[in-house]
Amino acid sequence: MTEPVRLHVAAKRHLCTAEPGYFDLLSEASVHTLRVQGCPMTAEQARAFEALPGAADAVAVRRRDEQAKDPELATPGFDHFRPLLEALLIENA
């Protein structure tokens, strides 16, 4: 269940290698973090990533993450989420 999240950075690095044009879709911030995270994978690294359990799911999560980045979207402030966070804290205490 946590593997796609753990592989999130690797999925970005993989997509930059395996999918023409993916790099051009990245935000400026994502390009910066890509450099810090190891740049696009080599072809050999990409093949090794594809063989990992959860790799396909990690790529799917990565795609959803990219689709969710809408600078025009109005999102609620912290107070909207406070009751949920407090309930989770109590539930997991």
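Numbers here are sequence positions counted from 1. Only a predicted model underlies this, so the values are computations on that prediction, with no experimental measurement involved.
Taken together through direct or relayed side-chain contacts under 4.5 Å among Ile, Leu, Val, Met, Phe, Trp and Tyr, Val9 and Leu52 form parts of separate hydrophobic clusters. Leu26 and Phe49 fall within the same hydrophobic cluster, defined by Ile, Leu, Val, Met, Phe, Trp and Tyr side-chain heavy atoms under 4.5 Å apart, directly or through other members. Both Leu15 and Val31 are assigned to one and the same hydrophobic cluster, defined by single-linkage of ILVMFWY side chains at heavy-atom distances under 4.5 Å.
Between the CG atom in Leu7 and the OG1 atom in Thr2 there is a gap of 9.0 Å [rounded to 0.5 Å]. Atoms CZ and CE, on Arg13 and Met41 in that order, are 5.0 Å from each other to the nearest 0.5 Å.
Applying the salt bridge (charged side-chain N to carboxylate O under 4.0 Å, His left out) criterion to Arg62, with sequence neighbours excluded, gives Glu66. Residues passing the side chain to side chain donor-acceptor pair (under 3.5 Å) test with Thr33 are Lys12, sequence neighbours excluded. The salt bridge (charged side-chain N to carboxylate O under 4.0 Å, His left out) search around Asp57 returns none, not counting sequence neighbours.
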Name each donor-acceptor pair under 3.5 Å that joins a side chain in residues 75-84 to protein atoms two or more places apart or in another chain, with its distance.
{"residue": "Asp79", "atom": "OD1", "partner": "Arg82", "partner atom": "NH2", "Å": "3.4"}

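Each ring pair (Phe, Tyr, Trp, His ring centres under 6.0 Å) pair with one or both residues in residues 21-46, not counting sequence neighbours, would appear here, but there are none. Counting only residues at least two apart or in different chains, salt bridge (Lys or Arg N to Asp or Glu O under 4.0 Å) contacts with residues 30-52 are absent.
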